[in-house]
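All remarks here apply to the structure that follows.
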Amino acid sequence: MKKLLITTVLAALSCMGHAGATALPDTCARVQVAATQPHGNSVLAGHGYDLALAGRPNQTFHATDIAASGTGMGQQALRDMEDVASLVLLATMTGHHSDGCAQDYFASAAAPIMDGLRAGGSYDLTWQGGLLTNGDTKLSFRRAHLHLVGAKSANAPATLTLETQGIGITGSHNTLLASALPQQASANAAVPSGSLVELAAAITGHPPENVMVPLRVSSLSAQRGAMQISGNGEANLTGHTDASSATGHILVQNLDAVIDTLRNAGQTRASAALILAKLFGHHSDNGGTSWDVSWEGGVMTVNHIPLPIH
C-alpha cells in the first residue's frame with residue numbers, strides 16, 4: 001500500500017517541467033471535456049473529463065469534475081496542468097504509457113508551473129469522481145487533491161500534499177491488492193525543483209540516462225477500516241527499480257485486522273508473511289508494530305534483515 005501511494009505521489013509530481021506551454025498531442029493521448037468554466041485567469045473548472053492513451057483504448061481516465069488553479073496561470077497553462085497530471089497518473093497506475101508522449105512535451109507543457117514555483121507560487125489540482133481503467137480493472141476514487149508550493153530560493157525543494165479519498169478497485173485479478181488497498185491515503189513530500197523534468201520522463205517510460213532524483217516523504221498515511229499505516233522516508237529514484245534506493249520507517253496500527261482481512265480473502269501466504277513480520281517488528285506501547293525498511297541494489301531489508309524477494 002505504501003508503494004501504491006508513493007507511486008501515486010510520483011505520478012502527481014510529474015505534472016511539472018521547464019520550457020513553454022503546449023497542447024496535448026494526439027500521438028500521446030486524447031482528451032475530451034464535456035463542459036469548461038473559467039473563473040478569471042487563475043482558475044479553470046471542467047465537467048466530464050475523459051482521457052485515453054493513444055493506441056491503448058483500454059487505458060482511460062475519467063473524472064466527473066476537474067479543477068486547476070495557480071499563481072499567475074493563464075487558461076491554457078491550467079489546461080496543460082490538468083492534462084499532464086491526468087496523463088501521468090493514468091500511465092503510472094495502469095503500468096502503460098504511450099510511445100507518442102515525447103520527453104520534451106512534459107518539459108514544455110508545465111513551464112509556467114516551474115516559473116511559478118521558483119517565485120514561491122502555489123498550485124492546486126482536484127479530481128472528483130475519478131475512474132482509472134486498465135482493461136477489466138477499474139480503480140476509482142471519490143476525490144483526489146494535489147497542492148504544490150514553491151520557495152523563493154534556488155536550492156529549496158518543491159513541496160506537495162496529496163490526499164485521496166474513497167479509493168476502490170473492481171475487476172482486478174490481484175486479490176491481494178483488492179483486499180488490502182487503502183480507502184483513504186495522504187502524503188507530504190519534497191523534491192528538488194530542478195529534478196522534476198527528469199522525474200516526469202522516468203515515470204512515463206522514457207528515463208534519461210543516469211537520472212537520480214532525491215525524494216523525501218515527511219509523512220505518509222493510509223487507512224482501510226480499522227487498519228492504519230503511517231510512515232516516512234527518503235528515496236533516490238531512477239527509471240529502473242533495481243537502480244533506485246530507499247530507506248524508511250513504517251508503522252501499522254491494528255495489524256491483526258490486516259492479517260484477518262488477507263486471511264478472509266484467501267491470501268494465506270500473505271497473511272502468514274505478516275504474522276512472521278509481526279514477530280520481528282518493533283512493538284510500541286500503543287499497540288502499533290513498526291519496521292525499518294530499505295531497498296538498495298534490488299534487495300529489500302527489513303529491520304536489518306535482507307529478504308529474498310528480488
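Given the structure is predicted, the values throughout are model-derived calculations rather than measurements. Positions are given from 1, in the same order as the sequence printed here.
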Check for me, please, whether [X] and [Y] land in the same ILVMFWY cluster - side-chain distances under 4.5 Å, paths through other members count.
X: Leu220; Y: Leu251; value: no
X: Val302; Y: Val252; value: yes
X: Ile167; Y: Leu131; value: no

Look only at the side chain of [X] and the backbone of [Y], and say whether a donor-acceptor pair between them is shorter than 3.5 Å.
X: Asn236; Y: Ser245; result: no
X: Trp127; Y: Ser86; result: no
X: Ser140; Y: Gly130; result: no
X: Arg224; Y: Leu181; result: yes
X: Thr301; Y: Ile305; result: no

[Y] and [X] side chains, donor-acceptor separation under 3.5 Å:
X: Thr36; Y: Arg79; result: yes
X: Thr247; Y: Trp295; result: no
X: Asp83; Y: Tyr49; result: yes
X: Ser230; Y: Ser221; result: no
X: His249; Y: Asn232; result: no

Checklist entry - salt bridge (charged side-chain N to carboxylate O under 4.0 Å, His left out) with Asp26: which residues, sequence neighbours excluded? => result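 Salt bridge (charged side-chain N to carboxylate O under 4.0 Å, His left out) check on Asp26 returns Arg30.
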Checklist entry - For Arg216, what residues pass the salt bridge (charged side-chain N to carboxylate O under 4.0 Å, His left out) criterion, not counting sequence neighbours? => result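 So Arg216 forms a salt bridge (charged side-chain N to carboxylate O under 4.0 Å, His left out) with Glu234.
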Item to check | From CA spacing to verdict: side-chain hydrogen bond (donor to acceptor under 3.5 Å, both in side chains), Gln59, Asn134 | outcome: CA-CA 5 Å; Gln59 276 81 46; Asn134 182 23; 2.6 Å; yes
Item to check | Rounded distance (nearest 0.5 Å) linking atom CD1 of Ile113 with atom CE of Met81 | outcome: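 These two atoms lie 5.0 Å from each other.
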Item to check | Interatomic spacing from OG1 in Thr126 to CD1 in Ile66 - rounded to 0.5 Å | outcome: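 Thr126 OG1 to Ile66 CD1: 9.0 Å, rounded to 0.5 Å.
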Next on the checklist: On a heavy-atom basis, which atom in Leu125 and which in Ala85 lie closest, and how many Å separate them?
Outcome noted: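 Taking Leu125 first and Ala85 second, the nearest heavy atoms are CD2-CB, 3.3 Å.
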Item to check | Evaluation steps, side-chain hydrogen bond (donor to acceptor under 3.5 Å, both in side chains), between Asp292 and His304 | outcome: CA-CA 8 Å; Asp292 296 312; His304 310 293; 4.9 Å; no
Next on the checklist: Tell me whether the rings of Phe141 and Phe61 are parallel (<30°), tilted (30 to 60°) or perpendicular (>60°).
Outcome noted: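 The rings of Phe141 and Phe61 sit tilted, inter-plane angle from 30° to 60°.
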Next on the checklist: Run the side chain to side chain donor-acceptor pair (under 3.5 Å) test against Asn188 and tell me which residues pass, sequence neighbours left out.
Outcome noted: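 Listed in chain order: Thr161, Ser219.
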